[in-house]
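A quick note: this is a predicted structure, and the numbers were derived from the prediction, not measured.
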Amino acid sequence: MAGPDYPGLDTLALHAGAQPDPSTGARATPIYQSASFCFPDSDYAASLFNIERAGHVYSRLSNPTNAVLEERIAALEGGVGAIATASGQAALHLAIITLMGASSHIVASAALYGGSHNLLAYTLPRFGIETTFVDPRDPQAFANAIQDNTRLVFGETLGNPSLDVLNIPAIAEVAHAAGLPLMVDSTTTTPYLIKPFELGADIIQHSATKFLSGHGIVIGGLLVDSSQFEWEASGKFPTLSEPYEGFHNLIFTEEFGPAAMIQRARKEGLRDFGACMAPTSAFHILQGIETLSVRMSRHVENTRTITAFLLEQEPVTRVGYPELDGHPDQALAKELLPNGCGAVFSFDLAGGREAGIAFVDALSVFSHLANIGDAKSLVIHPASTTHHRMDAEALAAGGIGEGTIRLSIGLEDPKDLIADLKRGLRAAGKKAGGSR
Amino acid sequence: MRIAVNGETAYCYTNSRDIETDKPTVVFIHGSGMDHTVWTLASRHFARHGNNVVSVDLPGHGRSTGSPLATVEEMASWVIAMLDALAITDAALVGHSLGSLIALECAASHSDRVRAIALVGTSSPMPVSDAILDAAEADDHAAFDMLTQWGFSKRHQFGGNRNSGIWMIGNTLRLYERSAPGVLFHDMRACNEYTSGTDQAAKIACPAMLILGAEDRLTPVRSTRALQEAIPSPVVEILPGAGHTIMVEAPNAMLDALHKVL
């Protein structure tokens, strides 16, 4: 028997979480640029502080503009709730500190965004949280790395930089068999390309700076909880299932049921670490999400055009996009990402570091900068920028060559992007000793 | 708090406090397929205001063991048995949907144990459509979908939760999904078959309040006329913008309304 249909992705992207402003009738979500919110009387104030009423106290904890964004991303992902954070990094940190403390352990994909890798590999160990990095293509490696004190399994839907497609169903099965949640970073895919909760993931992290906002104008992160993970049954998460002295011995699983994890993250992590999102940032991200599917489909369409072009170019020795022949995850990509594998990919140029630098310097439509997911096309040469401290051997270990170029394909007319790339390839070819 | 009631383990949320017999008690009773967490905000509020709060998980729901009970009358007897187990002589009862029928039945059949009732998202009779009953009997997810969507007002189909960060549709759907197989059907059938509500309502001697959602599609305001006429001098509060899921859609207005009888 079929029940009533829920609103579709495009409709939710425009409407979820929002109502016309009750005081003014404004149709767009207003920017509530206010640090604090007045209490009508002392009892009302006490009731807000004691989680008896819905409302806002202080914008580090919650804000009306942020609340719309939080409900919208939770609706788009099919989750139960979300928290907007100052950045994607803050969202990752918030999830970790909500679920564990010192003497804990994480099993993570080795193919992570550099910022995430830094947090897990270098910073968190100072606070007693260790991470074992494993091959994202090997679910058994995740299983083998799980220890008694492991509290989280983590990976990116599309790994950095080789676009390893995370086998979410298989890795979720491994995590759940060990009584652990799987968190995925879905920054490059967004809910338009993949719905990780439907595949078995339990928590999603976004850098909303990228495709969700989509215009390179804002820094923000989002943490979304599916509520499907059974925290009490696992027995490994006392922050959720045992009394919390920091809030009058509140037991989050008892009082909030499905929303236990996201409520603890707000009542403790957001409160104490303070990495909240600015309301104006939430407004910008909401504007971006309104056109998510329109933009993402064009991003993917342009990416397919550009990758097809690059495959035919002589100085190009490799194009790493999971839809293409030769990518080790082509079959998995067809299964998990039928609408496309995003708009960020890398390719290798003959001629090494010098060719890569020449290529980047010759471009004029592509912007040379350290970001992805802008409406404008972006380029970076990792060996001379983000990974400049690494020698050739270290780069190779990370799946990066001296001639590797990373592109984030934007929404420009693809003929203009191809013309720009041709200029870059000519410059690279000269450095490589080619004749084109 | 877990206690023994009728040979099973019954769970009730008490705001982590012991029951103090010299305090007034407010009992919160959830609706079909739900559990005590729908009352968390209200429970915390009335606990801070000097009440014992007892937010129950009906048998077979949430953390309470046993099979779901078949009739509203059995559920009402169970609530009284729970009061006995807690050594509570009388209490105000707040019920939502199915829980409102239980509160009504308690007030009518055990008037010495009930000092006030608040019926939230209520009607009597409370007929359930064949589509929902059939789907619930088959443990078909469509039953959850129908109740979730029709349980919210049209304006809240897209959310707009004043409780930050919670996708109100998703949280309600997940509560249904967490219910054990068969539980929702037992509950919906009990609602459907409780046809003596208006007769029982006439027996109510304690203060009674109806809190209704102006845009309720499951128990529309117009379907409460018989109940309003049967209850002696009811206080009726109609909350604008709210559908059937009043604790989520209008939590603050509901709290303010409850203070009129509690």
Side-chain angles (χ1 to χ4, degrees), chain A residues 1-7 11-12 14-20 22 43-44 46-47 50-56 61-64 66-68 70-84 224 226-228 243 248-251 254-260 262-263 265-266, chain B residues 11 13 15-16 34-49 55 62-63 131-132 134-135 138 140-150 155-175 177-178 241 248 250-252 254-256:
Chain A
M1 182 183 298
D5 282 339
Y6 291 94
T11 309
L12 291 173
L14 284 154
H15 293 281
Q19 297 285 337
D43 186 70
Y44 198 101
S47 68
N50 194 42
I51 323 178
E52 301 165 15
R53 290 180 181 272
H56 306 283
L61 310 173
S62 69
N63 173 279
N66 295 27
V68 175
E70 290 162 345
E71 202 173 356
R72 185 163 301 176
I73 191 65
L76 289 168
E77 292 289 15
V80 72
I83 293 180
V224 194
S226 73
S227 85
Q228 296 286 14
H248 312 299
N249 291 323
L250 194 163
I251 301 172
E254 181 181 46
E255 300 215 17
F256 298 110
I262 209 71
Q263 290 284 20
R266 184 180 300 279
Chain B
Y11 169 85
Y13 170 77
N15 196 228
S16 304
M34 296 280 123
D35 67 19
H36 70 278
T37 59
V38 301
W39 294 114
T40 290
L41 299 185
S43 300
R44 294 179 65 86
H45 182 73
F46 283 97
R48 184 173 62 83
H49 279 273
S55 186
R63 296 158 186 243
I132 293 175
D134 291 346
D140 189 325
H141 197 279
F144 303 153
D145 298 328
M146 286 184 261
L147 287 167
T148 299
Q149 293 200 24
W150 299 338
R155 76 178 62 185
H156 285 137
Q157 295 301 309
F158 297 119
N161 199 345
R162 294 191 65 193
N163 196 5
S164 280
I166 306 300
W167 167 229
M168 54 167 68
I169 301 284
N171 194 58
T172 298
L173 180 63
R174 201 71 82 236
L175 280 171
E177 290 172 342
R178 285 185 168 201
V248 180
N252 296 350
M254 185 192 71
L255 270 194
D256 294 338

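B/Asn15 and A/His248 are not linked by any side-chain donor-acceptor pair at a separation below 3.5 angstrom, with hydrogens and angles left out of the test.
Contacts of B/Asn161 with chain A are made by both backbone and side-chain atoms, with heavy-atom separations under 4.5 Å. In this structure, chain B has heavy atoms under 4.5 Å from both the backbone and the side chain of A/Ile51. Both the backbone and the side chain of A/Tyr6 come within contact range of chain B, each with at least one heavy atom under 4.5 Å from a heavy atom of that chain. Contact of A/Leu61 with chain B is not made at all, since no heavy-atom distance falls under 4.5 Å. For B/Leu173, the part lying near chain A is the side chain, with the backbone staying farther off; criterion is any non-hydrogen pair under 4.5 Å. Residue B/Met254: no heavy atom, backbone or side chain, is found under 4.5 Å from chain A. In this structure, chain A has heavy atoms under 4.5 Å from both the backbone and the side chain of B/His156. Of the two parts of A/Ala75, the backbone and the side chain both hold a non-hydrogen atom closer than 4.5 Å to a non-hydrogen atom of chain B. Residue contact with chain B, scored on non-hydrogen atoms closer than 4.5 Å, is absent for A/Asn66. Contacts of A/Ala84 with chain B are absent, with no heavy-atom separation under 4.5 Å from either backbone or side chain. Neither the backbone nor the side chain of A/Arg72 has a heavy atom closer than 4.5 Å to any heavy atom of chain B.
In terms of heavy-atom proximity, B/Leu41 sits nearest to A/Arg53 at CD1-C, 4.3 Å. Closest of all the heavy-atom pairs between B/Gly165 and A/Arg266 is CA-NH2, 3.5 Å. Closest of all the heavy-atom pairs between B/Arg174 and A/Ser226 is NH2-O, 2.8 Å. For the residue pair A/Pro4 and B/Asp145, the shortest heavy atom distance occurs at CG-O, 3.9 Å. Residues A/Gly257 and B/Arg178 come closest through the heavy atom pair C-NH1, 3.7 Å. Contact between B/Ser16 and A/Glu254 at its shortest, heavy atoms only, is OG-OE1, 4.4 Å.
Between chain B and the options A/Glu255, A/Glu52, A/His15, the largest number of non-hydrogen pairs under 4.5 Å is found for A/Glu52.
Panel note: side chain B/Asn171, backbone A/Pro258; no donor-acceptor pair is recorded below 3.5 Å. Judged by distance alone, the side chain of A/Gln19 and the main-chain N or O of B/Arg155 form a donor-acceptor pair under 3.5 Å. In this structure, the side chain of B/Arg44 engages the main chain of A/Asn50 through a donor-acceptor pair within 3.5 Å.
A/Glu71 is not listed as a side-chain neighbour of B/Asn163, based on a closest heavy-atom distance of 4.5 Å or more.
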